[in-house]
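Below is one structure, written out as structure tokens, with a few remarks after it.
For the numbers below, each heavy atom of this structure counts, side chains included, while hydrogens, waters and symmetry mates do not. The structure displayed is predicted, hence computed values, not measured ones. In what follows, residues are counted from 1 in the order of the sequence shown.
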Amino acid sequence: MTTSCPSGQHSHHDVYAAQCPCRTLLDLLANKWSALAIGALEDGPQRFGELQRKLQGVSPKVLTQTLRRLEDFGILDRTVYPAVPLHVEYSLTALGQSAAAPLNALRSWVEDNIDHAFRPEPVAS
């Protein structure tokens, strides 16, 4: 599906075109840690530690990189509260909330269908 580019930077956006800038956003949203972080933030603002506990298996480095990229794209806001120690919260922007709905549907589909999709190799006897 192609749409005209409201920024005027391109004649149209086409996610299938190799050089289309929308590929970068697709790559970000298709990343498992991004999809999970957005889902975790659907319940409201959270601190880094809360997100890391909820996203089991993510390293602090990867979570930091993911949150920075989501912030750079306007998907989430990072709010720093002056306190000792600093209190930082992450929350979805309106753009992030609009991305949350289809990502939520995808996560639900995965949970509902994993038993049908996962085909382990048979064990040799």
Side-chain angles (χ1 to χ4, degrees):
M1 179 171 107
T2 63
T3 59
S4 63
C5 178
S7 69
Q9 295 176 359
H10 312 280
S11 60
H12 67 279
H13 291 303
D14 181 357
V15 73
Y16 295 101
Q19 299 304 314
C20 185
C22 59
R23 282 246 183 128
T24 306
L25 182 56
L26 178 62
D27 179 56
L28 175 64
L29 294 176
N31 175 279
K32 74 176 173 186
W33 296 122
S34 294
L36 293 172
I38 291 168
L41 290 168
E42 283 183 281
D43 296 333
Q46 293 191 40
R47 295 177 74 171
F48 185 89
E50 294 171 306
L51 285 170
Q52 189 175 16
R53 282 187 293 279
K54 191 162 190 170
L55 278 60
Q56 297 175 16
V58 68
S59 70
K61 178 183 176 183
V62 169
L63 182 55
T64 298
Q65 291 171 340
T66 300
L67 294 173
R68 284 182 183 161
R69 286 191 68 208
L70 290 168
E71 183 181 13
D72 289 345
F73 274 85
I75 304 293
L76 61 80
D77 281 326
R78 179 179 182 267
T79 305
V80 179
Y81 297 95
V84 178
L86 280 180
H87 178 103
V88 179
E89 282 187 347
Y90 298 90
S91 60
L92 293 176
T93 63
L95 183 62
Q97 290 171 352
S98 71
L103 290 172
N104 186 320
L106 179 59
R107 288 188 310 271
S108 294
W109 182 90
V110 167
E111 290 174 346
D112 292 344
N113 290 284
I114 187 62
D115 293 333
H116 305 290
F118 183 66
R119 303 281 185 232
E121 293 290 321
V123 177
S125 34

Worksheet item: Are Val80 and Tyr90 connected in the hydrophobic side-chain network, where two residues link if heavy atoms are under 4.5 Å apart?
Response: yes

Worksheet item: Does Leu103 belong to the same Ile/Leu/Val/Met/Phe/Trp/Tyr cluster as Val15, with side-chain heavy atoms less than 4.5 Å apart forming each link?
Response: no

Item to complete: Heavy atoms only: give me the nearest Lys54-Ala40 pair and the separation to one decimal.
Response: CD-CB, 3.7 Å

Discussion item. Tell me whether Leu51 shares a hydrophobic cluster with Leu86, the cluster being built from Ile, Leu, Val, Met, Phe, Trp, Tyr side chains joined at under 4.5 Å.
Written reply: yes

Worksheet item: Can you tell me how far the CZ atom of Phe48 sits from the NE2 atom of His87, to the nearest 0.5 Å?
Response: 14.0 Å

Worksheet item: Shared ILVMFWY cluster between Phe73 and Val62, side chains joined below 4.5 angstrom?
Response: yes

Worksheet entry | Non-hydrogen side-chain atoms of Arg107 and Leu36 separated by less than 4.5 Å | yes

Worksheet item: Counting only N and O atoms by type, is there a donor-acceptor contact under 3.5 Å from the side chain of Asn113 to the main-chain atoms of Trp109?
Response: yes

Worksheet item: Does the side chain of Leu25 come within less than 4.5 Å of His13's, by heavy atoms?
Response: no

Worksheet item: Going from CD on Glu71 to OG1 on Thr93, what distance comes out if it is rounded to the nearest 0.5 angstrom?
Response: 10.5 Å

Practice prompt. Measure the spacing between OG1 of Thr24 and CG of Leu29 and express it to the nearest 0.5 Å.
Written response: 11.0 Å

Worksheet item: Applying the side-chain contact (heavy atoms from CB on, under 4.5 Å) test to Arg68, which of Thr64, Leu70, Thr66 qualifies?
Response: Thr64

Item to complete: Measure the spacing between CD1 of Ile75 and CD of Gln97 and express it to the nearest 0.5 Å.
Response: 11.0 Å

Worksheet item: Any donor and acceptor pair, going by atom type alone, linking the side chain of Gln52 with main-chain N or O of Leu63 inside 3.5 Å?
Response: no

Discussion item. Please say yes or no: joined through hydrophobic side-chain contacts below 4.5 Å, possibly via intermediate residues, are Ile38 and Leu106 part of one cluster?
Written reply: no

Item to complete: Flag the pair Trp33 / Leu55 as yes when at least one side-chain heavy-atom distance between them is below 4.5 Å, and no otherwise.
Response: yes

Item to complete: Find the distance between CG (Leu76) and CD (Glu89) and round it off to the nearest 0.5 Å.
Response: 12.5 Å

Worksheet item: How far apart are the C-alpha atoms of Asp43 and Glu50, what are their side-chain angles, what is the distance that settles it, and do they pass the side chain to side chain contact (heavy atoms under 4.5 Å, CB included) test?
Response: CA-CA 12 Å; Asp43 296 333; Glu50 294 171 306; over 6 Å; no

Worksheet entry | Gap between atom CG of Asp14 and atom SG of Cys20 - 0.5 Å precision | 6.5 Å

